[in-house]
Amino acid sequence: MSASRSVVLNLFLAGFSLLSVAAFAAELKVKVIDPHSAAVAGAQVSLADASGSSILTTRTTSGEGVADFHIPDRGTILVQVLAQGFAAATIASPSQGELTVNLHIAAASETVVVSATRTPVVGEAAGADVESLSSEELTTLKPSAASDAVRFLSGAVVNTSGQRGGLTSLFVRGGDSTYNKVIVDGVTINEPGGTFDFGTLPMDQVDRMEFVRGAESTLYGSDAMTSVAQIWTRTGSTHAPELRLGADGGNFGSASGYASLAGARGRIDYNAFGNQYNTNGLGVNNAYSDSLQGANVGVALSDKVSLRTRVRHSNSHTGVPGEWNFNGAELEPPDPSEWSQYNNVLGSVELAVAAPHGWQHHFTGFDYLYRYNELNINGDPNRIFDFPSHEVDRINRVGFEYQGDYSERTWAHTTVGYRVENENGYVGDVGFSQTHGQRLNNDVYLQQLLTLGRLTVIGGGRFVHNSAFGNTGVPRVALTLQALRGGDFFSGTRLRFSYATGFKEPRLEETFAGAPYSFTNTALKPERVRAFEAGIQQNLVHGKYALNATYFNNLFRNQINYIEIDLVNFIGQYQNINQAFAQGAEVELQANLRQRLRLTSAYTYTSTQILDNPAPVNALYNPGEPLLRRPKHSATLLLSYLGSRWGANLAGSFVGRRPDSDFLGFNIDHAAGYVRADLGGWYAVRPRITVYLNVENALDQHYNEVVGYPALPINFRAGVRFRIGGE
């Protein structure tokens, strides 16, 4: 009997304790808004003790910009808010009641970014060079594709093979065009092995873009050898449903129309959207069309658990005239009939759990279907090497990723993760040789971020097991030191250093190519980079200006090349035999000229060299030669005014002379330098009606970004957009 009484008594005391905690628990409601008083969704809100040393708990704001907390009453606490694109905010507050946090726009170095560490952090402590474009900047630029946004970011060199829809590559810090990781709403959209076309990624409904330079394979795995480009779709945030729609038109038969329906009510936020873009282009077979449909829906299951689903479908069709105009000389006619089509679908489901104290967990399932079709049905005898062909690629990337973030203290943050992905696809010409390949990747990664007074330390590593090439590992360490706090004019000096290695898995056709035209190489390994950089950031005039200078040094190893082995039957094999080197310097000036007037200007010097290539296809690939399509000198400029009634920007890109080839026997070995200037502006004629105008290549320059492919001359689009409902 006494034992039974003891059990009953213990249960009573446990229940009484729980009721007591609940009774004395405080409820704190934090709402985060931007300078226009609009809700900020997805902001990270942390509660810390009054001393600011320990994190009590962390939440993410809902579509309405709200984070709810239920904690024991602790009197005064600190509320810390980190939201992408805004300055960090810390406010002392009672641990119960309601609090509104009004975020403000800050200098780039003080703006919160995510891509450098996979968690929100102030830019100057990110340990990497990060550029970003906000929703307002993207609205003013109004890029038709990702290429027309990233080309104006520091350190980016964009090469488009012709006009709208032409194959568009990105070169960063001397790396190949396959050394850039591209992520949309958390889903990798590169082909396996890094290939990606920036000219066919539509930017409608993109809320933010971030661009990180440097090796980031520790956090992002394969392909992140020299950069990571990441975009996020807009989240609905208005209590009343908001319908946005608009249309524009311009020269060369350009026209587009778009609409979205978004909002947030209670625990649910939503955004459904669609866009159609068409243009005839200039000249023969340069028409391009692209359609986009998508949705972003989030549900707060409780104050600690949320679920978000994203889906996005794009379908583009473009003419492929091929090479024909070489730095102004028309040496062969354009192809009148060849065309290509992309038809891609991505989807993801993310479960976020903010528990226990100090922890945030993200469980994400993802699926990306890539479909490419290029047809040259007859070939053209008037063109060199123009034969009938039909390339069909079908690739599926599906998997699961877990990311856990733990804030031990306000000065210590740990990120751990696991990712499993299946890559499966067919690539190649259906009439010549198609290759099927399938690989399974299992990755684990760890990163530790420490803020020790003036010193910030970031260290981490990633271990990868790939079913095709086996195991590989990549480490990274980054140090940032606030050397001087400074005064009125020299208002802070920071020194930065990082060392990292990165890798890029082979393309499917490189790993699995076989008979009758290739010998399979089961020993093929991923390409690798050893990268280090050192830099200085000097803030001036109370942080109004920031001058950044970075030296980078990249050694690319195990680069894959195709070697002819059977010279009689023309059968070869992909092997890891090439090696190259790149080094250079980046200088960037960021300035808040006025409250709403911002300037970012940058210059990049890049020196590259082929160190080893046992099988060059021509003299341009001989050891000692510079790498193709990497200019020694390049520069960018972005000047933006973002007001409440009107906005405008001036964007410029300078790309110097660079080695290139026609590959047709015309002995052209370079592409001339060029300057491209774009203008954009909008004006709100009514609170819900806005007119806008965008002019690209405003100087009407005639140039080749890639030899043989003339760029579009001056072109414009003018339109009007409406907003119905909302707030």
Could you check whether Q575 and N521, counting side-chain N and O atoms only, form a donor-acceptor pair closer than 3.5 Å?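 Judged by distance alone, the side chains do not pair up.
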
Side chains of Y372 and N344: donor-acceptor distance under 3.5 Å anywhere?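 The answer is no; no qualifying pair exists.
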
[X]: salt bridge (charged side-chain N to carboxylate O under 4.0 Å, His left out) partners, not counting sequence neighbours:
X	answer
E137	none
R118	E401
R507	E509, E510

Using the side chain to side chain donor-acceptor pair (under 3.5 Å) criterion, which residues pair with [X]? Sequence neighbours excluded.
X	result
T188	none
T472	R528
D612	none

H633 ring center within less than 6.0 Å of Y605 ring center: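 Yes, the ring of Y605 comes within the 6.0 Å limit of the ring of H633, centre to centre.
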
Please enumerate all residues that pass ring-ring contact (aromatic ring centres under 6.0 Å, His included) together with [X], with sequence neighbours excluded.
X	value
F532	none
F400	none
F196	F198
F519	none

Pairs involving residues 438-477, ordered by first then second residue, that meet ring pair (Phe, Tyr, Trp, His ring centres under 6.0 Å) (sequence neighbours left out):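 Applying ring pair (Phe, Tyr, Trp, His ring centres under 6.0 Å) to every pair that reaches into residues 438-477, excluding sequence neighbours, yields nothing.
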
Side chain to side chain donor-acceptor pair (under 3.5 Å) pairs, two or more places apart, involving residues 529-539: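 Of all non-adjacent pairs touching residues 529-539, those that pass side chain to side chain donor-acceptor pair (under 3.5 Å) are R173-E533, T493-Q538, R496-E533, R530-N553, Q537-N539.
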
Under a 4.0 Å threshold between the charged nitrogen and the carboxylate oxygen, would D176 count as salt-bridged to R629?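 Looking at D176 together with R629, the answer is no, because their closest N to O distance does not fall below 4.0 Å.
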
